Structures are given as C-alpha cells and as structure tokens.
**Student:** 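Below: one structure in structure tokens.
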Amino acid sequence: MSAAAAYARLAAGDAARRREFDVARRRAVLARLAEEIRAREGEIMAALAADLAKPEVEVRISEIIPVLSEIRHSARHLKRWARPRRVWPTLAMLGTRGTIRPEPKGTVLIIAPWNYPFCLALGPLVSAIAAGNAAVIKPSELAPATSALIASLVAAALPEDLVTVVEGGVETSTELLAQPFDHIFFTGSPAVGRVVMAAAAKTLASVTLELGGKSPVILGDGADVQKAARMLAWGKFQNAGQTCIAPDHVYVPRAMEPALTAALRAEIARMYGGAPKESPSYARLIGARHFARLKGMLDEALAGGATLIAGGAAEEGARYLAPTVLTSLPGETALMREEIFGPVLPVIAYDDLEAVLRGIEAGEKPLALYLFARDRALIARVTASTTSGALGVNVTLAHFLHLNLPFGGIGNSGLGAAHGRWGFAAFSHEKPILENRFAVLDPLMPPYTKLSARIARMVQKLVG
Ligand code: NAD
C-alpha cells in the first residue's frame with residue numbers, strides 16, 4: 001500500500017475513533033496484540049536470528065519482554081492516565097471549572113531502526129494505541145525478516161483501519177513523512193532525526209525523536225572494578241554492541257586501568273568463551289556496510305598506535321567482529337568522534353576527573369551516561385555537573401526496562417520521552433477545558449464602569 005493510501009485510510013476514521021475508541025476497546029486491542037506475540041514467539045526468534053543472529057535470551061529480554069510489559073503496564077494504568085483531571089481555579093479564575101482531558105493526537109507515524117527492530121517498532125505502537133491513536137509503522141528495511149514478521153503479525157492481530165505496516169527504505173520513509181500525520185515518533189540516528197524534524201516542520205506535526213550518539217562511562221576512584229567490568233561487557237557486547245544506550249567508551253583512573261582491562265578480558269572469556277565466533281550467546285553485525293565502517297574505525301585506531309587488549313578478529317562474510325577492547329588510543333580517531341555502535345570498547349586512562357567531565361560537557365549531550373562509583377559525594381558531583389538523556393549508576397542498559405522512568409534523549413540524543421505514562425503522553429494532547437459557571441467575566445466587559453475598574457484593581461491586588 002502506498003504511503004498516501006495508508007495515511008488516508010487511517011485518517012478517514014479519525015472522528016469515529018475519537019468517539020468510539022474508549023479505554024476498554026484500547027485494552028482489548030492491546031490484549032489481542034499480546035496474544036499474537038505470545039503465539040508467534042518462535043517466528044519472532046527466527047526473524048531476529050536471520051537479521052542479527054540474536055540469541056534467544058536477548059530476544060526475550062530486549063525485544064519481547066519490553067513490548068509485553070509495556071502492554072501489561074498500559075493496561076493496568078490506562079484508566080487513570082486517560083481520565084479527565086479537574087484542576088483548582090487560580091484566584092482570578094474563581095467561579096470557573098477547569099479540566100484537562102487527554103485526547104489522542106489522531107493518526108501517527110512510527111519509524112523504527114534495525115538494531116532492536118521488533119521492540120522499537122511495537123513498543124511505541126503500544127503507547128500510541130493506549131492513547132487512542134491510529135498508527136502507520138515503518139519498520140527498518142535493514143532487518144528485512146523482522147520487518148516482514150511485523151507486517152504479518154500486525155495484519156493478523158489488529159484491525160486494518162487502526163494499524164498499517166508500510167515496509168520499505170528511505171524512499172518509502174520520505175513519502176510517509178510528506179503525509180500530514182498528527183505525530184511522528186522516530187527512533188534512529190541523529191542525522192536522520194534532523195531530516196524527520198525538517199519534514200515535520202512542513203506539516204507542523206509534533207515529534208518524538210529517540211536518537212543516539214556516544215554514551216560515555218566514567219569509573220571513579222574506588223569503583224568496584226570487577227562489577228564494572230561485568231556490567232560493561234554485558235552492556236557493550238550484547239547484540240554485538242548495536243545498542244543505542246551501549247557504553248560507547250570508558251574513562252578510568254590511570255592507576256585502575258590495568259585492573260579494568262584484565263577484568264574486561266576475563267569477562268569476555270567468561271561470557272563468550274575463547275572463540276566468541278562459536279558462541280551461541282554472541283550476535284552478528286547487521287550488514288556489510290556496517291561491518292566495513294567498524295572495521296575501518298578499528299584499523300585506523302590500531303594503525304595510529306592503539307593497544308589491542310581483547311578481540312580484534314573480523315570476518316566480513318560472517319558479519320562477525322569479536323568483542324574488542326582497546327587502550328592508548330591516538331588523539332584523533334573516528335572511534336572517538338562517531339557513535340561506535342558495534343563491539344569495540346575504547347578504554348581511556350585519566351588523571352583529572354574535572355577534565356573528563358568538562359570534555360563530556362563540551363560534546364553532544366549523551367543518550368546515557370554511566371558512572372561506576374561507591375563514593376556518594378562523587379555520585380552527587382557527577383549527577384549535578386553533567387546532562388544526559390539518562391544517568392546509570394553502577395549499571396548499564398537496565399533503565400530501558402524501568403517503565404516508571406521516562407526514556408529519551410536530550411539535544412543531539414533526542415527530543416521527548418517514551419515508555420509508560422511518558423509514552424502515553426507523547427501520543428496525547430492534553431486538552432484544557434474551561435467552563436464558566438457564574439459569569440465571572442461579565443463585569444469586566446465594556447462599557448467599562450467605575451465598578452469594572454474597581455473589580456480589575458481588586459483582582460490585580462489579589463494575584464499580586
Ligand atoms: P537510521 O536513522 O539510519 O534509520 C532509522 C529509520 O529511518 C529506518 O526505518 C530508515 O528506513 C529510516 N531512514 C533512514 N534514512 C532516512 C532518510 N534519509 N529519510 C527518511 N527516513 C530515513 O538509524 P539506524 O541505522 O536504523 O539505527 C541506528 C541509530 O539509531 C543509532 O544512532 C542509534 O543510537 C539510534 N537508536 C536510538 C534508539 C533510542 O531509543 N534512542 C534506539 C535504537 C537506535
């Protein structure tokens with residue numbers, strides 16, 4: 001179906017949906033979606049194995065569970081989120097009744113990336129439906145098996161006048177962006193985020209941008225190096241490093257560097273064995289272009305004098321790049337300029353924490369910043385002196401799964417937030433309704449008399 005036809009079909013039902021798509025019906029649709037996901041678990045595993053060789057545990061934890069728990073969480077809280085809320089009148093508004101009514105934005109567009117192609121297409125869909133919208137989903141063409149599966153799963157489970165999947169690449173995405181959607185929820189790179197926002201400017205659609213960038217890690221003096229190494233190896237090498245909130249690079253006090261690199265080597269061996277290529281726990285890169293980019297960045301750093309601590313092996317045909325750790329990077333490398341988005345972890349020794357913090361502040365605002373520390377004063381200092389989409393203390397990645405926390409970036413890493421009630425809010429318009437109950441405004445209307453002047457003076461005095 002063409003982009004225009006997909007939009008038009010859903011938008012045609014907008015007025016009726018506003019009247020009829022109540023909380024009970026939204027819950028029923030979400031329950032049906034959950035049922036279909038559970039029934040087709042095997043197909044989901046197979047699609048993600050084909051696209052990314054994603055291990056079963058990772059498919060459950062980072063693709064299926066986040067969507068099912070978003071459904072469960074929304075179903076549980078939806079009644080409260082969707083209920084109109086009365087507000088107190090301010091002094092000048094005495095005699096009126098104010099209500100905030102969350103309303104669906106209307107017909108929305110969800111554009112998804114390839115790295116968590118199932119979760120990042122269907123997770124936002126749950127919030128869109130919970131808020132009462134119709135949605136077009138454009139999955140990533142770079143994960144074709146998952147894209148096809150999403151199309152078939154949605155067609156089987158959801159009404160065609162509520163959700164449509166339009167498959168395709170940049171051209172399809174561009175056509176969709178030209179339609180007058182009421183909201184665009186985009187997950188992908190900062191570069192394409194700019195394209196999306198420029199397209200939204202033409203129709204004045206609101207946007208949520210879930211973007212990426214470099215997410216740095218800081219180890220503080222006295223951090224538990226073993227625990228940090230375990231968290232870092234898990235966070236970095238899961239999905240072969242192709243995670244928006246993966247630790248990008250690590251700053252470690254110079255004296256702790258040897259202990260950290262030894263611990264990282266040990267954790268990689270423990271998680272993936274001596275030959276990670278044979279490990280069923282290790283995923284593959286998405287494709288040849290991404291492989292060439294990462295291999296080029298790695299080769300550049302090694303040619304510039306970086307030290308290889310672990311990994312380094314690469315096989316283009318197998319889309320395989322070993323879990324890799326580097327130290328002593330040369331000053332200017334693509335690894336330190338671009339979001340790495342692959343299984344290469346630069347470790348950078350530092351002497352002065354202030355300089356590290358200033359360096360982070362001078363760069364783009366990260367999607368996540370991770371700190372490993374035991375000292376409360378240090379945690380407070382880093383919390384207060386940095387800005388990022390999220391801050392993880394002694395943990396990586398897990399904030400994505402916490403539905404009582406908003407998930408999103410700031411500046412270059414994104415705009416707006418997803419998950420739980422923030423996802424519901426992203427797809428809702430909070431409509432203020434003001435009812436005049438005692439004709440309070442009448443004495444303030446022309447012709448202006450002594451009485452209206454006195455009332456105006458009195459009101460001004462009251463409000464200060
Ligand atoms: P991408 O920006 O290349 O593509 C994302 C989507 O946009 C795809 O569906 C693609 O078809 C479409 N697209 C690509 N180019 C386009 C164009 N010129 N015009 C219109 N549409 C276009 O991103 P990707 O490579 O799929 O994903 C990697 C990026 O996404 C990384 O930067 C990563 O950090 C980020 N990401 C962020 C989150 C998050 O939640 N914040 C999650 C996953 C990935």
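Sequential numbering from 1 along the given sequence is applied to the chain's residues. Since the model is a prediction, treat every value here as computed from it, not as a measurement. What you see below is based on every heavy atom in this structure, not just the backbone, and it leaves out hydrogens, waters and symmetry mates. Whatever order the structure lists ligands and atoms in, that order sets their numbers, starting from 1.
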**Student:** For atom 22 (C) of ligand 1, what's the nearest protein heavy-atom neighbour? Residue, atom name and distance, please.
**Tutor:**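 The protein heavy atom lying closest is Val192 CG1, 3.5 Å.
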
**Student:** Out of all atoms in ligand 1, which are within 4.0 Å of some heavy atom of Leu120? Include the element for each.
**Tutor:** 42 (C), 43 (C)

**Student:** Considering only heavy atoms of Glu210, which atoms of ligand 1 have at least one such atom less than 4.0 Å away?
**Tutor:** 37 (C), 38 (C), 39 (C), 40 (O), 41 (N)

**Student:** Determine, for Glu430 against Arg85, whether the closest basic-nitrogen to carboxylate-oxygen distance falls under 4.0 angstrom.
**Tutor:**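 Yes.
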
**Student:** Between Ser173 and ligand 1, does any nitrogen or oxygen pair lie at a separation below 3.5 Å?
**Tutor:**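 Yes.
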
**Student:** Ser140: heavy atom below 4.0 Å from ligand 1, yes or no?
**Tutor:** yes

**Student:** Which atoms from ligand 1 have a heavy atom of Asn115 less than 4.0 Å away?
**Tutor:** 43 (C), 44 (C)

**Student:** Among all protein heavy atoms, pick out the one at the shortest distance from atom 41 (N) of ligand 1; state its residue, atom name and that distance to 0.1 Å.
**Tutor:**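 For atom 41 (N) of ligand 1, the nearest protein heavy atom comes out as Leu211 O, 2.6 Å.
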
**Student:** Would you check the N or O atoms of Cys244, main chain and side chain alike, for any that come under 3.5 Å of an N or O of ligand 1?
**Tutor:** no

**Student:** Quick one: look up the protein heavy atom nearest atom 32 (O) of ligand 1 and list residue, atom name and how far away it is.
**Tutor:** Glu339 OE1, 2.8 Å

**Student:** Tell me the protein heavy atom at minimum distance from atom 18 (N) of ligand 1, and give that distance in Å.
**Tutor:**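 Ranking protein heavy atoms by distance from atom 18 (N) of ligand 1, first comes Val170 CG1, 3.6 Å.
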
**Student:** Which heavy atom in Ala205 sits nearest to a heavy atom in Phe181, and how many Å separate them?
**Tutor:** CB-O, 3.3 Å

**Student:** Among all the protein's non-hydrogen atoms, which is closest to atom 7 (O) of ligand 1, and how far away is it?
**Tutor:** Phe186 CE1, 3.4 Å

**Student:** For this output row, return yes or no: ring centroids of Phe185 and Phe427 closer than 6.0 angstrom.
**Tutor:**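 Ring centroids of Phe185 and Phe427 are less than 6.0 Å from each other.
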
**Student:** By number and element, which atoms of ligand 1 are closer than 4.0 Å to a non-hydrogen atom of Ile111?
**Tutor:**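 Close to Ile111: 6 (C), 7 (O), 9 (O).
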
**Student:** Side-chain contact test, heavy atoms from C-beta onward, threshold under 4.5 Å: evaluate it for Ser281 versus Tyr272 and give yes or no.
**Tutor:** yes

**Student:** Nearest to atom 25 (O) of ligand 1, what protein heavy atom do you find, and at what distance?
**Tutor:** Trp114 NE1, 2.8 Å

**Student:** Of all the heavy atoms in Ala112, does at least one lie under 4.0 Å from an atom in ligand 1?
**Tutor:**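 Yes, Ala112 has a heavy atom closer than 4.0 Å to ligand 1.
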
**Student:** For Glu361, does the CD atom sit with more than 12 other heavy atoms under 6.0 Å from it, leaving out its own atoms?
**Tutor:** yes

**Student:** Is there a protein heavy atom at a distance of less than 4.0 Å from atom 4 (O) of ligand 1?
**Tutor:**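 No.
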
**Student:** Judging by distance only, is a nitrogen or oxygen of Leu367 under 3.5 angstrom from one on ligand 1?
**Tutor:**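 In this structure, Leu367 places no N or O atom under 3.5 Å from an N or O of ligand 1.
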
**Student:** After noting the C-alpha distance and the side-chain angles of Phe400 and His419, does the key distance pass the ring-ring contact (aromatic ring centres under 6.0 Å, His included) rule?
**Tutor:** CA-CA 9 Å; Phe400 184 85; His419 293 182; 4.6 Å; yes

**Student:** So how far is it from Trp81 CH2 to His73 NE2, rounded to the nearest 0.5 Å?
**Tutor:**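 The CH2 atom of Trp81 sits 4.0 Å away from the NE2 atom of His73.
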
**Student:** Contact between Phe407 and ligand 1, counting heavy atoms under 4.0 Å?
**Tutor:** yes

**Student:** Under 4.0 Å, heavy-atom basis, I'd like to know which part of Thr187 is in contact with ligand 1: side chain, backbone, both or neither.
**Tutor:** both

**Student:** At what distance is the nearest protein heavy atom to atom 35 (C) of ligand 1, and which residue and atom is it?
**Tutor:**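 I find the closest protein heavy atom is Gly188 O, 3.2 Å.
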
**Student:** What atoms in ligand 1 come closer than 4.0 Å to a heavy atom of Val195?
**Tutor:** 19 (N)

**Student:** Can you tell me if CE on Met197 sees more than 12 non-hydrogen neighbours from other groups inside 6.0 Å?
**Tutor:**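 Not more than 12 within 6.0 Å, no.
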
**Student:** Out of curiosity, Tyr116 OH to Gln242 CD, how far, rounded to the nearest 0.5 Å?
**Tutor:** 8.5 Å

**Student:** Closest non-hydrogen protein atom to atom 1 (P) of ligand 1, residue and atom name please, with distance?
**Tutor:**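 Answer, as residue, atom name and distance: Ser189 OG, 3.7 Å.
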
**Student:** Taking 4.0 Å as the limit for heavy-atom contacts, which would you say applies to Ile245 with ligand 1: side chain only, backbone only, both, or neither?
**Tutor:** neither

**Student:** Rounded to the nearest 0.5 Å, what separates atom OG1 in Thr107 from atom CZ in Arg9?
**Tutor:** 11.5 Å

**Student:** Between Glu63 and Lys54, does any NZ, NE, NH1 or NH2 come within less than 4.0 Å of an OD or OE carboxylate oxygen?
**Tutor:**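 Counted as a salt bridge, because a side-chain N and a carboxylate O are separated by less than 4.0 Å.
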
**Student:** Would you say CZ of Arg72 has more than 12 non-hydrogen atoms from neighbouring residues, nucleotides or ligands within 6.0 angstrom?
**Tutor:**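 Not more than 12 within 6.0 Å, no.
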
**Student:** Could Arg230 and Glu267 be called an ion pair, given the rule that one side-chain N must be under 4.0 Å from one carboxylate O?
**Tutor:** yes

**Student:** Please report whether ligand 1 has a polar contact with Lys138, defined as an N or O pair separated by less than 3.5 Å (distance criterion only).
**Tutor:** yes

